[in-house]
Amino acid sequence: MGQASAPAADLEDIADFEESSLAQVVERFSSDLGVLERRWGDIPYSAARQERMRDFLAGWAKELDALRVASDDVDGSIDLVLLGSEVRYRQELLAREGRMVAEVLPLLPFADDIVALLDIRHSRKEVDGQAIAGSLAALAEAVDAADRALRSRATAGGAGEDGDGQPTPTPITGLRAVRLLQSYQSALGTWYRHYEGYDPLFTWWAQQPYGEADDALGRYLLTLRERIVGWPEGAEEPIVGDPIGRDGMEADLIYDMIPYTPEELITIAEREFEWCDARMLEASRDLGYGDDWRAALEHVKTLHVEPGRQPELIVDLAQEAVDFLEERDLVTLPPLANEVWRLEMMSPERQRVAPFFLGGEVIRVSFPTDEMTHDEKRMSMRGNNIHFARATVHHELIPGHHLQGFMTDRYNSHRNLFRTPFWGEGWALYWEMRLWDMGFPSTPEDRIGMLFWRMHRAARIIFSLSFHLGEMTPDEAIAFLVERVGHEPANATAEVRRSFNGNYSPLYQAAYMLGGLQIRTLQEQLVGGGEMTEREFHDTILQGGRMPIEMVRARLLGEAPSRDFRAAWRFYGDPM
């Protein structure tokens, strides 16, 4: 594989780089936050943790109120705004977590008993094996009592109250309780093993009651799964999700500096869909399929490599993208970045929730393995065909996620605290748009490959925001991806499971296209207007570090935001 040549200006760029005046302040906040999160990391939820984090954030809010930067200090002003936003948002998330946990604690009436045991270790208290044995025995009894009560309770779905005056559990609250209880059970196991064998009296007293408590927790987890979530033992986890509602959406949009309503963002996605539809029909006609673009798409899905040849394809596609960038001097490509990326094949289990590539310094590749069923193999090959891959390898590697990570580890790395998918995924998606505009797709098949993913990003905005607003179910989202975008059913199911049952923030899936549109608007203004070259524009974004795109805009324009800044940039105009 070839390597990008090192521009002569690289060393000068590094020598001239100046760190933000508030970099050390941000790093101190990150360090303090990190040590507190590690302190409480193996106690999944507790009132004491909530109180400690509230005090920590309130203290920082007060400190930031007293902090001043020079009016012409653009980077310092940006960091002041970003850090203030970070503190406020974490306060909102803490309150949100409290509300969400409060809804499931009636299903976990013994949670405080587990937290009290876990805190013995971190409070550095002397351990009393006999007393702990009594606590563990009482915990086992309390869990079994909760199990019996849940089994005898009417578990009909829908809103209302049960016989105890508590809200009727739903699959959403049930799955939330399952995940929290799994965390408690795991933490209790770690806690027990900390003392087991090292303290003979502890082990002598606690071994049997711990085993009974652990067994009781396992039984209760199964009851929660079967009776509330509808998830029988041995079955695949159902797609349930946990919608945050309009208030949660608005708070997240404020944090990511997106001055649009969810409805306006859905309208933007629909407009982008219209553009994709028109281009897809053009490509379909060029292939001889007329207006039957689905038939053209089906043709492209058959154009995959043979089993075992996917890594070779990825290497070739990665170098093709690098060559395209270098020939046009679009962005600085450090030779080391192209040298060190690595490739790993994805396991069948991982492909059930991530049916396509994942990227960064390591690109994780989906393609069939001998463990898969015939249908799974077929769908994996069709969903990762040559032309779909050509549209995404550069998204995952260079100039996408791998180049991002390489540069943000070296420039303004303190801003990793402010990471947002609108910057992370938006940058990689922007390059899909930019390469399209520059003629990267050279055949109708290539155009269909790129358009498939662009339609997919528009669909993500629609189904993810609609779900969190309570206007679309997971099953409806799967059907939407199959019918509107042309996904394979298994891949559509994996995509929705990844979106709703994974660890992604509510706006994550919408951020791909929306972040890309933000950067494209800036490119049209600054490069299209002759104020910057392509390379200057792209390098400046990468060297600025991770942050909401409106702060990227402020930095590119050299405009220091005021400390009371609120997002107002309507990067797509008025979509309604």
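- Salt bridge status for Glu320 with Arg390: present, with a side-chain N to carboxylate O gap under 4.0 Å.
- For the pair Arg498 and Tyr508, the cation-pi test (distance below 6.0 Å, angle within 45°) is failed.
- Classification of the Tyr260-Phe571 ring pair by plane angle, with boundaries at 30° and 60°, yields perpendicular.
- You'll find the side chain of Leu403 stays beyond 4.5 Å of the side chain of Trp431, heavy atoms only.
- In this structure, CG on Asp539 lies 8.0 Å from OG1 on Thr533, to the nearest 0.5 angstrom.
- By the 4.0 Å N-to-carboxylate-O rule, Arg88 lies too far from Glu92 to be salt-bridged with it.
- For Ser85 (side chain) and Val81 (main-chain N/O), no donor-acceptor pair under 3.5 Å exists by modelled atom type.
- The backbone N or O of Phe324 sits less than 3.5 Å from a side-chain atom of Arg328, completing a donor-acceptor pair.
- Between Asp79 and Val69 there is no side-chain heavy-atom pair separated by less than 4.5 Å.
- At distances below 3.5 Å, at least one donor-acceptor pair connects side-chain atoms of Trp453 with backbone N or O atoms of Phe388.
- Side-chain contact between Pro548 and Phe422 is absent, with no heavy atoms from C-beta onward closer than 4.5 Å.
- For Asn491 and Glu495, the side-chain atoms include no donor-acceptor pair closer than 3.5 Å.
- Closest approach of Ala459 and Phe480 over heavy atoms only: CB-CE2, 3.6 Å.
- Listed for the His414 side chain is no donor-acceptor partner under 3.5 Å among the backbone atoms of Gln24.
- Under a cutoff of 6.0 Å and an axis angle of 45°, Arg279 and Trp275 form a cation-pi pair.
- In terms of heavy atoms, Val74 sits closest to Pro561 at O-CD, 4.4 Å.
- Here the straight-line distance linking atom CG of Leu522 with atom CZ of Arg553 works out to 7.0 Å at 0.5 Å rounding.
- The shortest non-hydrogen separation linking Gly290 to Ser284 is O-OG, 2.8 Å.
- Smallest separation of non-hydrogen atoms from Arg454 and Met513: O-CE, 3.4 Å.
- Between Arg457 and Glu272 there is no salt bridge, since no side-chain N of the basic residue sits under 4.0 Å from a carboxylate O of the acidic one.
- When all heavy atoms of Ile461 and Leu265 are compared, the pair lying nearest together is CG2-O, 3.6 Å.
- For the residue pair His468 / Asp252, no side-chain donor-acceptor distance below 3.5 Å is found, with atom types taken as modelled.
- The line from CD1 of Ile519 to CD1 of Ile549 is 4.0 Å long, rounded to the nearest 0.5 Å.
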_Checking Leu481 against Glu483 for the side chain to side chain contact (heavy atoms under 4.5 Å, CB included) test, could you report, in this order, the C-alpha distance in whole Å, the side-chain angles of both residues, the deciding distance, and whether it holds?_
CA-CA 6 Å; Leu481 287 174; Glu483 296 165 8; over 6 Å; no

*Determine, step by step, whether Leu465 and Leu507 satisfy the side chain to side chain contact (heavy atoms under 4.5 Å, CB included) criterion, reporting the C-alpha distance in whole Å, the side-chain angles of both residues, the deciding distance to 0.1 Å, and the verdict.*
CA-CA 7 Å; Leu465 298 190; Leu507 292 181; 3.7 Å; yes

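- Side chain to side chain, Arg415 and Thr408 fail the donor-acceptor criterion of an N or O pair below 3.5 Å.
- For Arg294, the CZ atom is densely surrounded, since the number of other residues' heavy atoms within 6.0 Å is greater than 12.
- Here the straight-line distance linking atom CE of Met407 with atom CZ of Arg546 works out to 12.0 Å at 0.5 Å rounding.
- Rounded to the nearest 0.5 Å, atoms CE (Met450) and CE (Met433) are 10.0 Å apart.
- Formation of a donor-acceptor pair under 3.5 Å by the Asn384 side chain with backbone atoms of Ser380 is found in this model.
- Residues Tyr572 and Gln518 have side chains that never bring a donor and an acceptor to within less than 3.5 angstrom of each other.
- Between the Glu264 side chain and the Thr261 main chain, a donor and an acceptor come within less than 3.5 Å of each other.
- Residues forming a side-chain hydrogen bond (donor to acceptor under 3.5 Å, both in side chains) with Arg285 (at least two apart in sequence, or on another chain): Asp291.
- Ion pairing between a basic and an acidic side chain is recognised when a charged N comes within 4.0 Å of a carboxylate O; Arg382 and Glu298 show such pairing.
- Side chains of Leu556 and Glu531 form no contact here, defined as non-hydrogen atoms less than 4.5 Å apart.
- A centroid separation of less than 6.0 Å is found between the aromatic rings of Phe463 and Phe500.
- Considering only heavy atoms from C-beta on, Ile266 comes within 4.5 Å of Ser466 through its side chain.
- Side chains of Glu425 and His401: a donor on one and an acceptor on the other come within 3.5 Å.
- Between Asp437 and Arg520 there is no salt bridge, since no side-chain N of the basic residue sits under 4.0 Å from a carboxylate O of the acidic one.
- For residues 20-33, the salt bridge (charged side-chain N to carboxylate O under 4.0 Å, His left out) pairs, not counting sequence neighbours, are Arg28-Glu63.
- The side-chain hydrogen bond (donor to acceptor under 3.5 Å, both in side chains) check on Asp292 picks up nothing, with sequence neighbours excluded.
- Using a 4.5 Å heavy-atom threshold, the side chains of Leu313 and His304 count as separate.
- The ring of His394 has its center closer than 6.0 angstrom to the ring center of Phe440.
- The six-membered or imidazole ring of Phe29 lies near that of Phe56, with a centre-to-centre distance under 6.0 Å.
- In this structure, Trp427 and His538 have perpendicular ring planes: the angle between them is above 60°, well past the 30° mark.
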*How far apart are the C-alpha atoms of Asn412 and Arg555, what are their side-chain angles, what is the distance that settles it, and do they pass the side chain to side chain contact (heavy atoms under 4.5 Å, CB included) test?*
CA-CA 13 Å; Asn412 280 309; Arg555 193 170 183 273; 3.9 Å; yes

*Verify side chain to side chain contact (heavy atoms under 4.5 Å, CB included) between Ile78 and Leu22, making sure each step is shown before the conclusion.*
CA-CA 9 Å; Ile78 286 172; Leu22 260 63; over 6 Å; no

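- Salt bridge annotation for Asp73-Arg68: absent, with no cationic side-chain nitrogen under 4.0 angstrom from a carboxylate oxygen.
- Arg563 contributes a side-chain N or O that, together with a main-chain N or O of Leu67, makes up a donor-acceptor pair within less than 3.5 Å.
- Side chains of Phe452 and Asn385 form no contact here, defined as non-hydrogen atoms less than 4.5 Å apart.
- The closest donor-acceptor contact from the side chain of Gln404 to the backbone of Trp423 lies under 3.5 Å.
- The CG atom of Asn338 sits 5.5 Å away from atom CD of Gln319, with the distance rounded to the nearest 0.5 Å.
- The two atoms that bring Ala458 and Ala269 nearest to each other are O-CB, 3.5 Å, heavy atoms only.
- Here the side chains of Arg342 and Glu361 are in contact, with some heavy-atom distance below 4.5 Å.
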